[in-house]
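Each remark here refers to the structure printed beneath this line.
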Amino acid sequence: MDRADVIILGGGLVGSALAVALDAHGLTAIVIDIADPQVILAAGFDGRASAIASAPYRMLDTIGVVDRLTGHGCPIQGIRVSDGLEPGALDFEPDTESGALGHMFENRRLRGALLEAAEAAPGVDVRMKTRAVAVDRGAHGVTVTLDSGAVVTAPLLIAAEGRNSPTRESAGLKVARWTYDHAALVTSLHHEISHENIAYEIFYPKGPFAILPLNDDDRGHRSAIVWSVRRDEAPGMLKLSDRGFLAEAEKKMGGFLGKLGPLGARSSYPLGFHHAATITADRLALVGDAAHGIHPIAGQGVNVGFRDVATLVEVLVEGKRLGLDLGDPQLLARYERWRSLDTFMVAAATDGLTRLFGIPGRTASAVRRFGLSAVQKLPPLKDRFMAEARGESGEVPKLLQGLTV
């Protein structure tokens with residue numbers, strides 16, 4: 001395929017999902033990514049896991065990806081938020097009709113399913129281990145020259161290259177960014193007592209400690225851990241023996257999951273924030289981390305990217321039906337308006353929570369516990385938080401409702 005409706009630079013979670021969703025609606029895509037599939041799908045490449053909220057999960061089901069994930073996802077039946085291990089926790093538990101709040105997937109499983117779906121889609125041309133060496137966004141379309149010498153064209157270019165997107169930088173789109181003095185330690189561990197499909201977010205002044213349910217395996221009950229520590233402490237935590245690391249984790253968890261271990265592979269990621277002032281330019285749209293990157297405090301990172309996908313697909317499909325050029329400024333302006341408020345609110349909320357729960361001292365802790373208890377006792381406010389966690393706040397695109405456009 002030398003010409004398509006869109007060219008997507010980046011075939012990660014968001015880029016692949018976008019290509020599959022477009023194909024499900026009759027639009028074609030060329031996906032270009034420099035990564036080697038054998039490397040990025042290897043068991044040791046990425047030890048992270050992602051909580052896919054219920055609305056993005058419906059989108060993945062609608063576009064046929066969930067079938068490829070059968071047996072790999074752990075439903076999240078509740079979320080418990082607390083300030084340390086003190087009383088005054090906030091519990092989110094959906095009613096029986098609403099279904100799970102989300103599903104936990106190991107990133108390598110999710111990445112593999114999305115890439116397989118993209119490669120199987122008749123309207124998607126996936127070109128891995130390929131680099132775009134020249135991009136021309138002209139008045140009449142986009143032309144991309146590849147390192148193979150091939151030239152591909154489309155009316156619209158989509159940057160899904162991640163937080164360091166070179167396409168965003170070359171387009172001159174301004175980005176607000178800062179780094180937190182924290183790194184996320186990521187691993188998985190087994191534990192004696194079942195997690196009962198509950199996710200835990202325990203806030204400490206030094207950073208949040210998240211326990212996210214994974215499917216049991218042949219060694220027993222298992223959870224993913226995302227542990228925020230001071231950046232200068234991360235190297236030392238990675239060098240601890242498994243026994244030492246589990247002992248430190250035990251202090252954070254307070255023993256409610258029983259004996260811990262064995263421990264999975266550990267990795268560390270710096271934490272930061274960035275938000276593009278605008279997510280479109282001439283014949284260009286940004287999605288996922290190319291547009292915005294947030295603290296993992298509420299587990300919304302990849303979900304915000306999937307919300308970008310659902311919104312952009314709806315805008316482009318409706319534009320195609322009207323016979324519009326897919327690079328038309330009016331279509332891109334609609335995508336910009338639809339996503340700008342939602343992404344800003346999510347980004348501001350996660351940054352605010354990070355700073356609020358990072359304030360040390362007994363007084364600050366008492367105020368936080370009072371706030372959690374107040375929300376627990378106010379069903380309307382609690383329902384609003386739950387809708388945000390599900391990805392169902394604001395003007396919800398059709399794909400997030402489980403509907404085709």
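Atom set for the values below is all heavy atoms of this structure, side chains included, hydrogens, waters and symmetry mates excluded.
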Exercise. So does E161 pair up with R168, basic N to acidic O under 4.0 Å?
Worked result: no

Seminar exercise, completed: What one should report as the nearest heavy-atom pair of L18 and V309 is CA-CG1, 3.7 Å

Problem set entry | Counterpart residues, side chain to side chain donor-acceptor pair (under 3.5 Å), relative to E336 (two or more places apart) | T280

Exercise. Who are the salt bridge (Lys or Arg N to Asp or Glu O under 4.0 Å) partners of R283, not counting sequence neighbours?
Worked result: D325

For this session: Using the ring pair (Phe, Tyr, Trp, His ring centres under 6.0 Å) rule, collect all pairs that involve residues 110-135, keeping only residues at least two apart or in two chains.
Result: none

Exercise. What side chain to side chain donor-acceptor pair (under 3.5 Å) pairs are there with at least one residue in residues 110-131, not counting sequence neighbours?
Worked result: D46-R111, D125-R127

Problem set entry | Which residues share a side-chain contact (heavy atoms from CB on, under 4.5 Å) with D33, sequence neighbours left out | A35, M128

For this session: List in chain and number order the residues that pass salt bridge (Lys or Arg N to Asp or Glu O under 4.0 Å) with R58, two or more places apart in sequence or in another chain; answer none if no residue qualifies.
Result: E392

Exercise. In this structure, are over 12 heavy atoms from other groups packed under 6.0 Å from L146 atom CG?
Worked result: yes

Exercise. Taking only residues two or more places apart in sequence or in another chain, which ones pass salt bridge (Lys or Arg N to Asp or Glu O under 4.0 Å) with D67?
Worked result: none

For this session: Quick one: list whatever passes salt bridge (Lys or Arg N to Asp or Glu O under 4.0 Å) with E169, sequence neighbours left out.
Result: R177

Exercise. Does anything in residues 11-26 pair up under side chain to side chain donor-acceptor pair (under 3.5 Å), and if so which pairs, sequence neighbours excluded?
Worked result: none

For this session: Please report the closest heavy-atom contact between W227 and A249, naming both atoms and the distance.
Result: CH2-N, 3.8 Å

For this session: State which residues pass side-chain contact (heavy atoms from CB on, under 4.5 Å) with V66; sequence neighbours excluded, sorted by chain then number.
Result: Y57, L60, D61

For this session: State whether R222 and D217 are salt-bridged, where the test is any N-O pair (Lys NZ or Arg NE/NH1/NH2 against Asp/Glu carboxylate O) under 4.0 Å.
Result: yes

Problem set entry | Partner set under side chain to side chain donor-acceptor pair (under 3.5 Å) for K251, not counting sequence neighbours | E248

Exercise. In Å, rounded to the nearest 0.5 Å, how long is the span from SG of C74 to NE2 of H195?
Worked result: 4.5 Å

Side-chain donor-acceptor pairs of residues 261-273 under 3.5 Å, sequence neighbours excluded:
residue	atom	partner	partner atom	Å
R266	NH1	M237	O	2.9
R266	NH1	L238	O	3.4
R266	NH1	L240	O	3.0
R266	NH2	L240	O	2.8
R266	NH2	D242	OD1	2.9

For this session: May I ask you to decide whether D91 forms a salt bridge with R80, counting only side-chain N to carboxylate O separations under 4.0 Å?
Result: yes

Problem set entry | Within-4.5 Å side-chain heavy-atom neighbours: I7 and V135 | no

